[in-house]
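Heads up: the structure comes next, in structure tokens.
One is the number of the first residue; the rest follow in order along the sequence.
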Amino acid sequence: MLIQFLNIILMELFGRVSHVQGVVFVYFDFWKNHFDRAQSIVNYTFERLPYTVLNRLIIYMIIIFFIALLILLPSILFSKLYIAYRKRKTALLHQKYSRIVVRFLINDLSEKELTDLKRIKSKFHRKIMTAVLISIDTAESKIVSKQIRGLYLEMKLNEDSIKKLRRRWHHKIVGIRELSHMGVKSENKYIMEFLQRPNEILRIETQMGLIKLLPFVPFAFLDSQEKPFTVWEQINVFDLIRKKRIEIPEFHLWLDHWNDSVVMFCLDMIRVLKQKEAAPKVLELLNHQSDLVKGKVIKTLVDLESKEAVVRLKNIFFLEELPNQVNIIRSIGQLRLESEVNFLIENMASKEFKIRMECCKSMALVGDTGIAKLKTLAENGDEELKGIVNHVLDPRI
């Protein structure tokens, strides 16, 4: 009985195999016929054309391009359909997990649902879950943020973010954003190494991430900043300072940095944030070897309205380049130092038009005394000085 049963199974198996084999043969015969027809067309064309290498090359190129077209069109269509499918699936999953997270926040999620949520293994689903948590966490409520960060760690999504730090640079950026948003500090030391990478975008994201990850010393990355601190990086850091509630450090702490770009950034921050207590430290940089840094120092002292700095600035006036001289004269006007009127009068005899113009502007800012002096000088001065004084005292300006 058993032998008969086995014979029946073998007969059915052989029947199925022979059927599949027949289908395969039919499939190959179909394509073989088409290939033979194509080959006959090519041979016919070659027989009718003059026998030259160029003609054969053209025919072969046409065939190759035609075959490539047949391959590419379906692949492009498939990729378009796949991308559309992924977008739709992403949108649906984002809505699904958003509802689940909201229910989790209001304690409306059962133990089974919470357990199933924590057991998600699909990389695609976990990636969307991380994006949902970050989008929901607006950081406006500390309680909500704490719950979301707790769920992020319980689902071990931080391990996915850490793995991204070991991949290509664009994955590193995503990992830094996720870890910094969720306050995961275990990889701070490794993230700091990205500050020395040549990729500017990666360096910017690293700086942004470290400011969030190091709340007590948010600008500690400046200590190890060896690459030039570009203007674009500085703008991004300042924008983060402006938007986030980050404790502003005393930027004069980095004025002794070996990287001139870092020193210039700190001078800008001191000037913009009006850290007047930093003026004595800024004064020490008046003898800096870099003209760019020195120019920034003078501008900073002017905006800090440091009267003590004016005396030092006057002493180095004739040693400086024209832009720095203009800033020094401007500081006298901004501070309305009536005691420095004689210094302004002396420099009105300069051959440089910009210096004469700035002297007249500062004199007018000093007050009635300065304006009276200007009018007297204009009466006895040359035509250029008269024109400058009339321009400065014009009430329409």
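Annotation: side chain of Lys296 is not in contact with side chain of Leu292 (no heavy-atom distance under 4.5 Å). Counting heavy atoms from C-beta on, the side chains of Lys127 and Asp160 never come closer than 4.5 Å. For the pair Tyr97/Leu117, a side-chain contact is recorded, criterion being any heavy-atom separation below 4.5 Å from C-beta on. Proximity of Leu202 to Ile176: side-chain heavy atoms (C-beta onward) are separated by under 4.5 Å at one or more points. A 4.5 Å side-chain heavy-atom check between Phe124 and Thr90 finds at least one atom pair inside the cut-off. Taking 4.5 Å as the limit, every side-chain heavy atom of Leu285 sits out of range of all side-chain heavy atoms of Lys294.
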List the steps, then state whether side chain to side chain contact (heavy atoms under 4.5 Å, CB included) holds for Ser75 with Leu72.
-> CA-CA 5 Å; Ser75 62; Leu72 284 173; 4.2 Å; yes
Salt bridge (charged side-chain N to carboxylate O under 4.0 Å, His left out) between Lys172 and Glu205, worked out | CA-CA 9 Å; Lys172 293 182 192 295; Glu205 292 295 336; over 6 Å; no
Run the numbers on Val184 and Glu178 for side chain to side chain contact (heavy atoms under 4.5 Å, CB included), then give the verdict.
-> CA-CA 9 Å; Val184 179; Glu178 293 172 358; over 6 Å; no
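With salt bridges taken as basic N to acidic carboxylate O contacts below 4.0 Å, one links Arg166 and Glu187. Contact check on Asp256 versus Lys281 returns a salt bridge, with a Lys/Arg side-chain nitrogen under 4.0 Å from an Asp/Glu carboxylate oxygen. Comment: Asp116 engages Lys112 in a salt bridge, judged by a side-chain N to carboxylate O separation of less than 4.0 angstrom.
The side-chain tip of Arg271 does not point at the ring of Phe251 from less than 6.0 angstrom away and within 45° of straight on.
Other residues, nucleotides and ligands place more than 12 heavy atoms under 6.0 Å from the CZ atom of Arg103. Within a 6.0 Å sphere centred on NZ of Lys274, other residues, nucleotides and ligands contribute more than 12 heavy atoms.
Heavy atoms only, all atoms of each residue included: Arg203 and Pro198 are closest at NH1-O, 3.3 Å. Contact record, Leu255 with Val263: O-CG2, 3.8 Å, taken as the closest heavy-atom pair. When all heavy atoms of Ala279 and Leu301 are compared, the closest pair comes out as O-CD2, 4.0 Å. The two residues Val326 and Glu358 make their nearest non-hydrogen contact at O-CG, 3.7 Å. Nearest approach of Leu133 to Leu151, heavy atoms of both residues: CD2-CD2, 3.9 Å. Across every non-hydrogen atom of Ser180 and Leu213, the tightest pair is CA-CD2, 3.6 Å.
The closest side-chain donor-acceptor pair between Ser98 and Gln95, if any, does not fall under 3.5 angstrom.
If you take OG1 on Thr300 and CE on Met264, they are separated by 9.5 Å, rounding to the nearest 0.5 Å.
Although no hydrogens or angles enter the test, the distance criterion places no donor-acceptor pair under 3.5 Å between the side chain of Arg177 and the main chain of Gly209.
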